[in-house]
Amino acid sequence: MDEQTHEMVRDIIASVPPGKVATYGDIAAIAGLATPRLVGRVLREDGFDLPWHRIIRANGIPATHLLTEQLERLRTEGVLAENYRIDLKRYRWDPPQD
DNA sequence: GAGATGACTGCTT
DNA sequence: CAAGCAGCCATCT
């Protein structure tokens, strides 16, 4: 297993600033993962220590089972959602193009 | 080793 | 705008 990749994913997620959100695809792309599903897997395993509430789907809606939870947490960070949908054009994290 | 599942995405109807 | 379908990788049964 690429422990390093796994670690990078966590690092990237931890790098997302408050008031901003990132999509699974973004995290996967930055981490060099071939599919966003792996991001979800990492979050399920080690997401407890990470701002997982800042990771949302490409359509601006959080993961189904955490939908309300994430929206509530995001709201406290200044990320307001409309009709369970977050305005990506407005809140999407601007990743470091290192 | 084959089949199903999941914190997903993009394209086509 | 909503629903369906295929591609994707790792893990579980």
Side-chain angles (χ1 to χ4, degrees):
Chain A
M1 290 263 286
D2 298 301
E3 191 72 32
Q4 206 157 35
T5 303
H6 194 106
E7 192 175 329
M8 178 168 350
V9 173
R10 293 192 297 183
D11 187 48
I12 293 168
I13 295 174
S15 302
V16 180
K20 290 272 183 180
V21 297
T23 70
Y24 290 87
D26 286 347
I27 303 299
I30 298 169
L33 295 179
T35 161
R37 288 203 108 111
L38 299 184
V39 177
R41 183 165 290 282
V42 173
L43 283 175
R44 189 181 63 164
E45 293 180 20
D46 308 310
F48 58 88
D49 259 347
L50 300 165
W52 49 270
H53 52 268
R54 293 186 197 141
I55 311 303
I56 62 179
R57 306 215 292 205
N59 56 338
I61 300 180
T64 327
H65 47 298
L66 295 168
L67 207 164
T68 54
E69 183 70 42
Q70 291 199 265
L71 291 179
E72 183 131 329
R73 285 172 177 260
L74 288 171
R75 189 175 48 157
T76 66
E77 296 192 346
V79 180
L80 302 183
E82 179 143 345
N83 197 6
Y84 296 96
R85 182 138 350 135
I86 295 169
D87 191 344
L88 283 175
K89 294 182 166 296
R90 192 168 142 113
Y91 296 109
R92 195 177 209 193
W93 174 45
D94 186 21
Q97 299 146 24
D98 200 82

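A note on names: the letters A, B, ... follow the listed sequences, proteins ahead of strands, and every chain is numbered from 1.
The stretch residues 83-93 of chain A does not touch DNA chain B, since none of its heavy atoms comes less than 4.0 Å from the strand. For residues 34-44 of chain A, proximity to DNA chain C is found at A:A34, A:T35, A:R37, A:L38, A:R41, defined as any non-hydrogen atom under 4.0 angstrom from a strand atom. Contacts with DNA chain B (heavy atom under 4.0 Å) in residues 63-78 of chain A: A:A63, A:H65, A:L66, listed by number.
Sorted by first then second residue, the salt bridge (charged side-chain N to carboxylate O under 4.0 Å, His left out) pairs that include residues 51-64 of chain A, not counting sequence neighbours, are A:R54-A:E77. For the salt bridge (charged side-chain N to carboxylate O under 4.0 Å, His left out) condition, no pair includes a residue of residues 28-37 of chain A, sequence neighbours left out. Applying the side-chain hydrogen bond (donor to acceptor under 3.5 Å, both in side chains) test to pairs two or more places apart or on separate chains, those with a residue in residues 58-72 of chain A are A:E69-A:R73.
In this structure, the salt bridge (charged side-chain N to carboxylate O under 4.0 Å, His left out) partners of A:R92, at least two apart in sequence or on a different chain, are A:D26. For A:L33, the side chain to side chain contact (heavy atoms under 4.5 Å, CB included) partners at least two apart in sequence or on another chain are A:T5, A:V9, A:A28, A:A31, A:L38, A:V39. Legend: residues meeting side chain to side chain contact (heavy atoms under 4.5 Å, CB included) with A:D87, ordered by chain and number and at least two apart, are A:K89, A:R90, A:Y91. Shown here are the salt bridge (charged side-chain N to carboxylate O under 4.0 Å, His left out) partners of A:R10, two or more places apart in sequence or in another chain: A:D46.
In terms of hydrophobic clustering, with Ile, Leu, Val, Met, Phe, Trp and Tyr side chains grouped at heavy-atom distances under 4.5 Å, A:V16 and A:M8 are assigned to a common cluster. Placement of A:L66 and A:W93 within a single hydrophobic cluster is found when ILVMFWY residues are connected by side-chain heavy-atom separations under 4.5 Å, directly or transitively. Residues A:L50 and A:V79 do not share a hydrophobic cluster, clusters being chains of Ile/Leu/Val/Met/Phe/Trp/Tyr side chains in contact below 4.5 Å.
The gap from the P atom of B:dA4 to that of C:dC5 amounts to 16 Å, rounded to the nearest Å. Here the separation of C:dA2 from B:dA7, taken at their P atoms, is 22 Å to the nearest Å.
Distance check, rounded to the nearest 0.5 Å: CG of A:L74 to CD1 of A:I56 gives 7.5 Å. A:R75 contributes atom CZ, which lies 13.5 Å from atom NE2 of A:H53 (distance to the nearest 0.5 angstrom).
Of the residues listed (A:L80, A:L71, A:T23, A:I61), the one engaging A:I86 in a side chain to side chain contact (heavy atoms under 4.5 Å, CB included) is A:L71, and it is the only one.
Using a 4.0 Å cutoff to heavy atoms of chain A, the contacted part of DNA chain B runs 5' to 3' from B:dG6 to B:dG10.
Rounded to whole Å, the distance from CZ on A:R57 to C1' on C:dC8 is 16 Å.
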